[in-house]
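The structure appears below as structure tokens.
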2 protein chains.
Amino acid sequence: MDAKTQARYEARAAVIKAMAHPTRLFIIDELSRGEKCVCGLRDLIGADISTVSKHLSVLKDAGILEDEKRGQQVFYRLRVPCILNFFGCVEDVLVANARRMSAAVRK
Amino acid sequence: MDAKTQARYEARAAVIKAMAHPTRLFIIDELSRGEKCVCGLRDLIGADISTVSKHLSVLKDAGILEDEKRGQQVFYRLRVPCILNFFGCVEDVLVANARRMSAAVRK
DNA sequence: AATTCATTTGGTAATTTTGCCAAATAAGCA
DNA sequence: TGCTTATTTGGCAAAATTACCAAATGAATT
């Protein structure tokens, strides 16, 4: 694999890596219903606010979210809604996996 | 976030995490054009065969690939083709990021 | 200006991931 | 059977990720 190809796949992996965490998937799902402030997400997630903030930074740096400061709160929202299409296919994989598991048990 | 919700997002994240590596994205892309044996992928990737084999295991364990041994070779193929839909959106994110970068420079 | 509230940043320890080597396994062939 | 080829597995050191706490920043309010 040449350097240029390598770089292209690294860029893609960076975006996917940003989504590859349960909390960050939850955030994406939550923001699909509209923007939310950091404190709102913290309440839903139940982790330390600094942890939530860092997850949001990861998603923002990857280009998946954008933020806007209004008053003393920072609101985050999805920048690229097509990200949501991922969920359907991931769910398909999980269903297929469940089938595979139960088939393995039957053997 | 309650335990059940947590578990659901962990399962989803496991699938996405399996894709979150440049070499594994390359493998998915390559297999979208048809099955390939481990050695074929190794030639394209240029890493140690054991490294390639482990990447394939990660994708297989996640339910993204399936394998079949024929003779002394093992062939891998996509088990859930909808995975390919991801690439389009990831590309959109990258294009948006490129725009964002150049806009930042102009300022 | 001092205080408060929301958020980010720095630092750190624990955990996970990665890639290579060497050794084990498995199938086909001499 | 012994040998070669293809792949997987075990082990390990280096690198990356994660979550928390404490401290810093920044805007609004007193």
Side-chain angles (χ1 to χ4, degrees), chain A residues 1 3 5-7 9-28 30-31 35-62 64-77, chain B residues 1-3 5-7 9-28 30-31 35-77:
Chain A
M1 186 152 40
T5 305
Q6 175 74 22
Y9 283 98
E10 270 169 19
R12 290 173 178 172
V15 175
I16 295 183
K17 204 180 285 192
M19 304 201 305
H21 188 285
T23 300
R24 295 200 290 267
L25 284 184
F26 176 83
I27 289 172
I28 291 172
E30 210 47 53
L31 295 185
E35 65 170 24
K36 282 203 166 52
C37 68
V38 182
C39 54
L41 289 165
R42 190 237 4 235
D43 293 345
L44 291 167
I45 293 165
D48 192 277
I49 184 108
S50 71
T51 301
V52 174
S53 175
K54 276 177 185 171
H55 280 308
L56 289 164
S57 288
V58 170
L59 289 167
K60 183 187 163 190
D61 291 348
I64 295 170
L65 303 185
E66 58 189 4
D67 63 343
E68 186 185 350
K69 186 156 197 169
R70 291 204 301 273
Q72 40 191 350
Q73 293 175 320
V74 177
F75 291 86
Y76 280 87
R77 57 177 167 263
Chain B
M1 185 153 41
D2 64 288
T5 305
Q6 175 75 21
Y9 283 98
E10 269 169 19
R12 289 173 181 172
V15 175
I16 295 181
K17 202 181 287 192
M19 302 201 308
H21 188 285
T23 300
R24 294 199 290 268
L25 284 183
F26 176 83
I27 289 171
I28 291 171
E30 209 48 53
L31 295 184
E35 65 169 26
K36 281 201 166 54
C37 67
V38 182
C39 53
L41 290 165
R42 190 238 3 236
D43 292 345
L44 290 168
I45 293 165
D48 192 278
I49 185 109
S50 72
T51 301
V52 175
S53 175
K54 276 178 185 170
H55 281 308
L56 289 165
S57 287
V58 169
L59 289 167
K60 182 187 164 190
D61 291 347
I64 295 170
L65 303 185
E66 58 189 5
D67 63 343
E68 186 185 351
K69 184 156 197 169
R70 291 205 301 271
Q72 42 189 349
Q73 292 175 320
V74 178
F75 290 85
Y76 280 87
R77 55 176 169 263

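Since the structure is predicted, the reported quantities are computational estimates derived from the model, not experimental observations. In the text below, chain A, chain B and the rest are named by the order of the sequence lines, each starting its count at 1.
Axis angle, first five pairs versus last five pairs of the helix from C/dA1-D/dT30 to C/dA30-D/dT1: 10°, rounded to 10°.
Comparing atom distances between the A/H55 side chain and each of C/dG19, D/dA19, D/dC20 picks out D/dA19 as nearest. Of the candidates D/dT9, D/dT7, C/dA6, C/dA6 carries the atom nearest the A/C39 side chain, counting heavy atoms from C-beta on. For B/V74, whose side chain is taken as the heavy atoms from C-beta onward, the closest listed nucleotide among D/dT9, D/dT7, C/dT7 is D/dT7.
B/D48 contributes atom CG, which lies 9.0 Å from atom NZ of B/K54 (distance to the nearest 0.5 angstrom). Atom NE2 of A/H21 is separated from atom CD of B/E10 by 8.5 Å, given to the nearest 0.5 angstrom.
Remark: P of C/dT18 and CD1 of B/I45 are 14 Å apart, rounded to the nearest angstrom. The OH-P distance, from B/Y9 to D/dT18, rounds to 18 Å in whole Å. Residue B/I49 contributes atom CD1, which lies 15 Å from atom C1' of C/dA22 at whole-angstrom precision. Remark: P of C/dT7 and CD of A/E35 are 12 Å apart, rounded to the nearest angstrom. Taking atom CD of B/Q73 as the reference point, atom C1' of C/dC29 lies 15 Å away to the nearest angstrom. A/L59 has its CG atom 16 Å from the P atom of C/dT7, to the nearest Å. Going from atom CG of A/D61 over to atom P of C/dT8 covers 11 Å, rounded to whole Å. Atom pair B/F75:CZ and D/dT5:C1' shows a separation of 13 Å (rounding to whole Å applied).
Remark: side-chain polar atoms of A/S57 are paired, donor with acceptor, to backbone N or O of A/S53 under 3.5 angstrom.
Counting heavy atoms from C-beta outward, A/L44 and A/K36 have side chains that approach closer than 4.5 Å. No side-chain heavy atom of A/D67 sits under 4.5 Å from any side-chain heavy atom of A/L56. In this structure the side chain of B/L31 never reaches within 4.5 angstrom of the side chain of B/R77, judged on heavy atoms. You'll find the side chain of B/I27 reaches within 4.5 Å of the side chain of B/L65, heavy atoms only. Between B/Y76 and B/L59 the shortest side-chain heavy-atom distance does not fall below 4.5 Å. The side-chain heavy atoms of A/Q73 and A/V38, taken from C-beta on, include no pair separated by under 4.5 Å.
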Summary of protein contacts for nucleotides 11-17 of chain C, nucleotide by nucleotide, where a base hit scores B, a sugar-phosphate-only hit scores S (4.0 Å, heavy atoms): B-----S

field: Under 4.0 Å protein heavy-atom contact, by nucleotide of nucleotides 25-30 of chain D - B base, S sugar-phosphate only
entry: --SS--

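Taking every heavy atom of both residues into account, A/K17 and A/R24 meet most closely at O-NH2, 3.4 Å. Closest approach of A/A18 and A/A62 over heavy atoms only: CB-CB, 3.4 Å. Looking at every heavy atom in both residues, B/R42 comes nearest to B/V52 through CA-CG2, 4.0 Å.
Residue contacts for B/Y76: at a heavy-atom cut-off of 4.0 Å it reaches the sugar-phosphate backbone alone, with no base atom in range.
Mapping A/D48 and A/A20 onto DNA chain D by nearest heavy atom places A/A20 closer to the 5' end of the strand.
The side chain of B/T51 places an N or O atom within less than 4.0 Å of a non-bridging phosphate oxygen (OP1 or OP2) of C/dC20.
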